[in-house]
Number of protein chains: 2
Amino acid sequence: MQTHSEENYLKAIWKLVEHSGENVNTNAIAALVHTRAASVTDMMKKLSDKKLISYQPYKGVSLTAKGERVAIEVVRKHRLWEVFLVEQLGYKWDEVHDIAEQLEHIRSSTLTEKLDKFLGFPKVDPHGDLIPDKSGKISKQQQIPLAQLESGNKAIMTGVADHSTLFLRFLDKHKIHLGDTIETKEKTTYDSSMEISVNRKKNIHISNEVAKNILVRKSRS
Amino acid sequence: MQTHSEENYLKAIWKLVEHSGENVNTNAIAALVHTRAASVTDMMKKLSDKKLISYQPYKGVSLTAKGERVAIEVVRKHRLWEVFLVEQLGYKWDEVHDIAEQLEHIRSSTLTEKLDKFLGFPKVDPHGDLIPDKSGKISKQQQIPLAQLESGNKAIMTGVADHSTLFLRFLDKHKIHLGDTIETKEKTTYDSSMEISVNRKKNIHISNEVAKNILVRKSRS
DNA sequence: TTTTATTTTTAGACACCCCTAACTTTATTT
DNA sequence: AAATAAAGTTAGGGGTGTCTAAAAATAAAA
């Protein structure tokens, strides 16, 4: 059994491993869990003692099978609760993160499965992130940042890299949503900003910062 | 802002005041929050410093207006979540307490109201307990323990005093449910056990212990 | 009313999780 | 390779919430 804090660290490590594929460094974890490096080191010892991570001082950490199981379970709960909040309670996609951060720690041997069933076994959460199944399996998204899409190519928006309220509201404001067809019209070499069209209609000029945080799946056509 | 632990203490005090009407003693609180008297004393100082209770050593405690507001909010959340678990997720009434104990501490300025609306503004939780409204108002139940009902009188079951899984399953097993009409047929003076009829049909013999934990509203007729 | 029992509080300690400051190890420059 | 910078760890400490054991206050009994 893990504490809320331990679960948060495991989830953070899992996210970082997903992105980088390598051993995770202390400062990266500290940034994700909003704490300091020293606190991270303390926790790494604890998680290592519990055999949830493999840790060698100065060399970063990775999850053990046991640790990954816990982390994915937390992620599964987080994403299912987000679906509940948006689809059942009527929240907007930029409002649910903090509440789901709390709900993901609710402990029950049956709750997650009942919730999953109640929601109709959703595959994806409101931000396009895949929901791990009961056994912990989670298929890899075939997605790239819009910033990497070649000029003149079309793609479907499937997710966001930045989950902050600020960024999500920005997308809402410009009517850019999951599932939209996005085409890169023209890239400015100077600042890597780009002109895009959304659903073959409106043209919008977005910064590279924004383009990096929009995730798309290339459409083969 | 209160910690989970503080909220649990406030809720316990509130419950005890509801029952006794008087100042609450340390050991009673300790029993309800599953801790020791010494821990309670520590917490009483903390809650007193925060002006959530009024506390004089050796003389028991009571809630301040501020403390009562917090306690009722927690109770409201607990009962709403119980409704959700039973009505939406399909839990049985004896399975929801522990999960609701966790859910009641979820912090959000909007969640409770959205949940309330989603559930259709329920008045009562699965155990017959009244759900405080948004403003914290909660009407008093006109209910007495079945044990106090005079022989030959009819009443409607409206609640339970014991929320334990064991007791609730006992009631399920004997098909005694909220809303059932109960009539006391005969009381045994020796052990205060009694013969009752449920919905004018089956007769059951129940102990005084059980009769004390079944709450009924006298039907005037 | 004095003694005994019960209840409550204080004292001292520990686990958890966080912090700052100082030190050590590793990486990067020059 | 030596000097500097960056990253990570250790040392020491603080707040929360719990505990046991001992002391103090209150209640009950002789």
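Small disclaimer: the values here were computed from a predicted structure and weren't measured. Computation of the quantities below employed the complete heavy-atom set of this structure, encompassing side-chain atoms and omitting hydrogens, waters and symmetry-equivalent molecules. Lettering of chains follows the sequences in order, A, B, ..., and the numbering in each one begins at 1.
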What integer distance in Å separates [X]:[atom1] from [N]:[atom2]?
X        : N      : atom1 : atom2 : result
B:His105 : D:dT16 : NE2   : P     : 18 Å
B:Met43  : C:dT8  : CE    : C1'   : 17 Å
B:Arg36  : D:dA22 : CZ    : P     : 15 Å
B:His34  : D:dT18 : NE2   : C1'   : 15 Å
B:Leu47  : D:dT16 : CG    : C1'   : 12 Å

Result block: side-chain N/O donor-acceptor pairs under 3.5 angstrom for residues 140-148 of chain B, not counting sequence neighbours:
{"residue": "B:Gln141", "atom": "NE2", "partner": "B:Gly128", "partner atom": "O", "Å": "2.9"}
{"residue": "B:Gln143", "atom": "OE1", "partner": "B:Thr158", "partner atom": "OG1", "Å": "2.8"}

Checklist entry - How long is the gap from OH on A:Tyr9 to CD1 on A:Ile53, to the nearest 0.5 Å? => result 10.5 Å
Item to check | For A:Ser193, the option from A:His205, A:Glu209, A:Lys187 that meets side-chain hydrogen bond (donor to acceptor under 3.5 Å, both in side chains) | outcome: A:His205
Next on the checklist: What's B:Ser5 touching, base or sugar-phosphate or nothing? Going by heavy atoms closer than 4.0 Å.
Outcome noted: sugar-phosphate
Next on the checklist: Could you report the tightest heavy-atom contact between A:Ala100 and A:Leu85, atom names first, then the distance?
Outcome noted: N-CD1, 4.2 Å
Item to check | Contacts of A:His105 that satisfy side chain to side chain contact (heavy atoms under 4.5 Å, CB included) - sequence neighbours left out | outcome: A:His4, A:Glu7, A:Asn8
Please enumerate all protein N or O atoms sitting under 3.5 Å from an N or O of nucleotides 8-14 of chain D, with distances to 0.1 Å.
{"residue": "D:dG8", "atom": "OP1", "partner": "A:Thr26", "partner atom": "N", "Å": "3.4"}
{"residue": "D:dG8", "atom": "OP2", "partner": "A:Asn27", "partner atom": "N", "Å": "3.1"}
{"residue": "D:dG8", "atom": "OP2", "partner": "A:Asn27", "partner atom": "ND2", "Å": "3.0"}
{"residue": "D:dG8", "atom": "O3'", "partner": "A:Tyr58", "partner atom": "N", "Å": "3.4"}
{"residue": "D:dT9", "atom": "OP1", "partner": "A:Tyr55", "partner atom": "OH", "Å": "2.5"}
{"residue": "D:dT9", "atom": "OP1", "partner": "A:Tyr58", "partner atom": "N", "Å": "2.9"}
{"residue": "D:dT9", "atom": "OP2", "partner": "A:Thr26", "partner atom": "OG1", "Å": "3.1"}
{"residue": "D:dT9", "atom": "OP2", "partner": "A:Thr41", "partner atom": "OG1", "Å": "2.9"}
{"residue": "D:dT9", "atom": "O4'", "partner": "A:Tyr58", "partner atom": "OH", "Å": "3.3"}
{"residue": "D:dT10", "atom": "OP2", "partner": "A:Lys45", "partner atom": "NZ", "Å": "2.8"}

Checklist entry - Quick check, are the ring centers of A:Phe167 and A:His163 under 6.0 angstrom apart? => result no
Checklist entry - Counting only Watson-Crick or G-U wobble pairs whose two distances fall under 3.5 Å, which nucleotide matches D:dA5? => result C:dT26
